[in-house]
Amino acid sequence: MSTDEQQLPVPASRRRGGLAATRGGHQESERSFFCRVCQRAERGVWVPAGWYLLERAPGGKGRHIRLGLYCSVACLVRAGEMLEEGAAEHAARMDLPTEADRRRERERVIEVAQTLLSGGLSIRQAAESLNVATFTLKAWLKEANIQIGQASISHAAAPTPASGTPALTPREHHPVSVLNEWTQQGRIDGVDWHLEATGPSHAPAFTATATTHPAGAKGPISAQGSGASKAAARAAAAAALLARLESV
């Protein structure tokens with residue numbers, strides 16, 4: 001072996017504490033392994049048996065990023081709880097929605113989406129009304145075990161009334177648009193809207209009330225709908241009002 005070969009610097013991956021300390025076959029010296037939760041420490045060449053190394057893959061050709069080393073499942077679970085607690089504190093400090101807020105918002109979106117779909121909207125139209133990506137809404141509905149299909153949103157046409165008024169057609173368009181069409185056709189005497197907002201500013205909930213007077217009816221008919229946005233609330237209220245009008 002030449003003098004130059006003997007004096008070659010040791011690669012960073014072979015130095016103590018480098019990448020090869022936890023992966024690869026070049027680690028030769030012992031190092032310390034430290035549990036981030038219970039503060040337990042052990043020494044060895046490799047990660048001790050029974051310990052858990054949590055890493056994240058950034059994708060592409062990037063190296064895995066170490067997130068933590070834990071000596072037991074209990075410590076690993078506690079680390080997750082600490083992470084949630086830290087996220088909640090950060091959300092409170094920055095006035096951001098918490099995980100609980102996000103879960104409630106998701107449940108609200110799913111509930112309103114069911115109303116919109118039952119009112120005749122397509123999954124794309126419902127997603128647009130709720131300001132949610134179509135593929136996201138589909139995934140949420142699937143996780144909630146809600147079937148999306150023609151059977152779940154189909155509607156039968158109402159029979160022709162004895163007065164000779166044309167039969168009500170299935171709601172194939174946005175319910176608010178259908179109400180506008182019915183107003184132009186003289187089936188209803190316009191629609192009055194009332195909108196209320198509740199909840200925190202970063203996750204408001206809206207409730208809309210739609211009121212109309214059907215042609216030939218003795219009095220007005222009202223229906224309510226709620227949603228995470230004004231448009232979603234109006235669409236839900238319109239769908240509910242159409243359902244009541246069809247039964248008149």
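In this chain, numbering begins with 1 at the start of the sequence shown.
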Applying side-chain contact (heavy atoms from CB on, under 4.5 Å) to Leu242 and Trp182, what does each step give before you reach the verdict? CA-CA 10 Å; Leu242 287 171; Trp182 286 12; 3.5 Å; yes
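Scored by the side chain to side chain contact (heavy atoms under 4.5 Å, CB included) test, Thr134 finds Ile123, Arg124, Ala127, Lys138 as partners (sequence neighbours excluded). Under the side chain to side chain donor-acceptor pair (under 3.5 Å) criterion, Gln224 pairs with Thr209, not counting sequence neighbours. Residues meeting the side chain to side chain contact (heavy atoms under 4.5 Å, CB included) test with Ala197, sequence neighbours left out: Phe206. Listed by chain and residue number, Arg40 satisfy the salt bridge (charged side-chain N to carboxylate O under 4.0 Å, His left out) test with Glu42 (two or more places apart in sequence, or in another chain). Shown here are the side chain to side chain contact (heavy atoms under 4.5 Å, CB included) partners of Glu105, two or more places apart in sequence or in another chain: Arg108, Val109, Ala228. For Glu196, the side chain to side chain donor-acceptor pair (under 3.5 Å) partners at least two apart in sequence or on another chain are His194. The side chain to side chain contact (heavy atoms under 4.5 Å, CB included) check on Glu81 picks up Val77, Arg78, with sequence neighbours excluded. Take Ser226 and apply the side chain to side chain donor-acceptor pair (under 3.5 Å) test, not counting sequence neighbours, and it matches no residue. For Glu89, the side chain to side chain donor-acceptor pair (under 3.5 Å) criterion is met by no residue, not counting sequence neighbours.
Atom-to-atom distance recorded for Ser72:OG and Tyr52:OH is 8.0 Å, nearest 0.5 angstrom. Note that the CG atom of Leu179 and the CD1 atom of Ile188 stand 5.0 Å from one another [nearest 0.5 Å]. The CG atom of Leu137 lies 11.0 Å from the CD atom of Glu128; values are rounded to the nearest 0.5 Å. Atom CG of residue Leu69 and atom CD of residue Glu55 lie 9.5 Å apart, to the nearest 0.5 angstrom.
Of all heavy-atom pairs between Cys75 and Tyr70, the closest is O-CD2, 4.0 Å. Annotation for Ala223 and Leu241: closest pair CB-N, 3.4 Å, computed over non-hydrogen atoms. Of all the heavy atoms in Ile110 and Trp140, the pair that sits closest is CD1-O, 3.9 Å. Scanning all heavy atoms of the two residues, the minimum distance from Cys71 to Cys38 falls at SG-SG, 3.4 Å. Here the shortest heavy-atom pairing between Leu195 and Ala233 reads CD1-CB, 4.3 Å. Phe33 and Trp51 make their closest contact through O-CH2, 3.6 Å (heavy atoms, listed as atom of the first residue, atom of the second, distance).
The hydrophobic cluster analysis finds Leu83 isolated: no Ile, Leu, Val, Met, Phe, Trp or Tyr side chain comes under 4.5 Å of it, directly or through other members.
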Show me the donor-acceptor pairs, under 3.5 Å and distance only, between side chains in residues 212-222 and residues at least two apart or in other chains.
{"from": "Thr212", "atom 1": "OG1", "to": "Gly190", "atom 2": "O", "distance (Å)": "2.5"}
{"from": "Ser222", "atom 1": "OG", "to": "Thr211", "atom 2": "OG1", "distance (Å)": "2.8"}

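Note on Leu54: it clusters hydrophobically with Val37, by side-chain heavy-atom contacts below 4.5 Å among ILVMFWY residues. Under the 4.5 Å side-chain heavy-atom criterion for ILVMFWY residues, no single connected hydrophobic cluster contains both Phe34 and Trp46. In the hydrophobic cluster analysis, where Ile, Leu, Val, Met, Phe, Trp and Tyr join through side-chain heavy atoms closer than 4.5 angstrom, Met82 is grouped together with Leu67.
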